[in-house]
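Throughout, residue positions are numbered sequentially from 1 according to the sequence presented. Quick note: numbers below take in every heavy atom, side chains included, and nothing from hydrogens, waters or symmetry partners. The structure displayed is predicted, hence computed values, not measured ones.
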Amino acid sequence: MKAATKESIKKLEDNMLATGQDLYYQIIQDYMRETAAQKGWLDKYVSDKENFAKLIRFNSNLSLMIMEACAIFRAELIADNAFEKRFLLKSLIMIIHEGYKYVFGFSKKKAFGEQFLLVMKSQNEIAVNSIEEARNNYLQKYGNNTLKTLRDIAKHYSYDSLEFYYCIKDLNEMDVSDMFCCFMAFSQPLFSLSIKELQKESDLWFGAVKLQKLEVKKIRSFIDEELLNQFNHSISKYGSIIDSINSKSINASKVLEQYDIDSNNKDLRPFLSDNVSMHVFYTIMDVLCALKAFANSVEYYEQSLNLAYLRLSIHEGFKKLYGFNNNDRKKSFWTRLKNDFSEVLPEMNSEIKDIEINLNRLMAYDYVTSENVVIFTHFGKTKHQNIPYDVLLNFFGNNKKEKNFAIILDVIRVFNSIVPLVSRLMEENARLINERTKKDIEEWKRKFDNLFNMMQSSVIPENQVEIEEMRQKVKGNLQDLSNLL
């Protein structure tokens, strides 16, 4: 396939930006429709109030998911670092997967999108058939458990630090672009169909109030070459660390498998699946990618969405690292770190306590703990108060308070303070294991000496020289092993 030119990529970026802005206007219009309906202004225009309310929410959620996909994809197209692209692509997959789940679902129960198409089919057969064909094409290509696992990890991270890396290491722009196109093939015409139905119900009211182009909020642009260069440097640094450590861990796991050694044993877990430092790096990498996307944002909605994903990364990263309740805490990386390094932990009690004080302090921030941020990944879930026009009014505005940037820096400092502690614990643990292994080797030497002494006393003299040679060879091998430790 021929590579895209810079000009064609720039056109695609501009198209994503414009599409997102149009959808932002659409959500605001849906808010106005909802407000008018609640006040009874549309009573003489709307035939079925309950269905009209469902349709407004459906249209708003379609707008939000496509708007999010466009914002993240635009950030990915702008990105020029392979690690940055992978982290943004996983977010795009999460949005697309959750979008399909909201519209059609993955179970036999009919979601609202499917019910809506059944109602619309009699008068829009060609459009509905086209949407259903695109939906089936998406489901055939991407409705598998692998994508569900990747979606779960993209949103929630993983309690297995290697699993996260396995899921994202081979992500590439071409494959995810195809997924995006398959998603847009059903979501865009479905959105057009829902708009058509909404306008049929309430267009007279819109004409009456003479709705003009909406004025929307906008904050100043943060695009700054020096700032972007700093983000690029940090992204490259953390990306290289993530790639290097995980490549070594994967190779080590393969060697252990060859020798039938369980990589999940207590001595090896903290270096592989329980590697707390890697989880810290993943979270910070997501934060950096969101900050850079925010810095590259042009429109208000784009700035807001990127800050929302930044907050989501902090919320979910903290949840896996430390947890917000007792159940989370039991499974957390922090609890497992203390269990994995229990033998050497007493030597660093003061550092552990200091970090725990800081982690508990972070939990006092609503910015870190509030579940409301998950509205950006659970479309249409009323338990998360996911009504997109409420999102616009409340979350977008509240997310830009200057104090939030101070909280972000605070979180990064606390997270980064864990890495030196983990390194010291690993060193102490490795030293302890080496000492224990050397003692075992000395014990093996002693046992082999006893064995050979017994053999020499029970064999004829001419074989004793051969036995002594065997003894010296075994001792030499054990000494070589000891020297390696």
message: Working note: L62 + Q188, criterion side chain to side chain contact (heavy atoms under 4.5 Å, CB included); need CA distance, chi angles, decisive distance, verdict.
response: CA-CA 8 Å; L62 280 171; Q188 273 197 318; over 6 Å; no

Run the salt-bridge test on [X] and [Y] with the 4.0 Å N-O cut-off and return the result as yes or no.
X	Y	answer
K338	E356	yes
D160	R336	no
D43	K49	yes
D243	R86	yes
E114	R135	yes

Decide yes or no for [X] and [Y]: does some side-chain heavy atom of the first lie under 4.5 Å from some side-chain heavy atom of the second?
X	Y	answer
Y165	S161	no
K85	N172	no
L359	F318	yes
T149	C167	yes
F116	S194	yes
M120	E197	yes
N124	K196	yes
L88	F73	no

With rounding to the nearest 0.5 angstrom, report the [atom1] to [atom2] distance, [X] to [Y].
X	Y	atom1	atom2	result
Y166	L150	OH	CG	15.5 Å
I131	N136	CD1	CG	12.0 Å
D152	S158	CG	OG	9.5 Å
K11	K6	NZ	NZ	16.0 Å
I93	I153	CD1	CD1	11.5 Å
L89	I96	CG	CD1	9.5 Å

query: In terms of the angle between their ring planes, are F180 and F183 parallel, tilted or perpendicular, with boundaries placed at 30° and 60°?
result: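 Plane angle between 30° and 60°, so tilted.
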
query: Which class fits the ring pair F87 and F164: parallel under 30°, tilted 30 to 60°, perpendicular over 60°?
result: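 Rings of F87 and F164: tilted, 30 to 60°.
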
task: Dump the intermediate steps for side chain to side chain contact (heavy atoms under 4.5 Å, CB included) on N129 and K121, then the final yes or no.
output: CA-CA 8 Å; N129 286 342; K121 191 163 188 175; 3.2 Å; yes

query: Should L17 and C70 be marked as a side chain to side chain contact (heavy atoms under 4.5 Å, CB included) after you check the CA-CA gap, both sets of side-chain angles, and the distance that decides it?
result: CA-CA 7 Å; L17 188 66; C70 288; over 6 Å; no

Can you confirm whether or not the ring centre of [X] sits under 6.0 Å from the ring centre of [Y]?
X	Y	result
F324	H315	yes
F186	Y138	yes
F106	H97	yes

task: Validate the cation-pi geometry between K54 and F112: distance from NZ or CZ to the six-membered ring centre under 6.0 Å, angle to the ring axis within 45°.
output: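 Ring-cation test returns no.
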
message: Working note: V414 + R361, criterion side chain to side chain contact (heavy atoms under 4.5 Å, CB included); need CA distance, chi angles, decisive distance, verdict.
response: CA-CA 10 Å; V414 174; R361 180 173 55 76; 3.9 Å; yes

task: Search all heavy atoms of R57 against all heavy atoms of Y102 and return the closest pair with its distance.
output: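 Here R57 and Y102 meet closest at O-OH, 3.8 Å.
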
field: Shortest non-hydrogen contact from S313 toward D286
entry: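 Closest pair (atom of S313, atom of D286, distance): OG-CB, 3.3 Å.
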
field: D366 and R311: CA distance, side-chain angles, deciding distance, salt bridge (charged side-chain N to carboxylate O under 4.0 Å, His left out) verdict
entry: CA-CA 11 Å; D366 181 70; R311 185 172 178 179; 3.7 Å; yes

Test side-chain hydrogen bond (donor to acceptor under 3.5 Å, both in side chains) applied to T335 - qualifying residues, sequence neighbours left out: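 With neighbours one apart ignored, the set is S332.
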
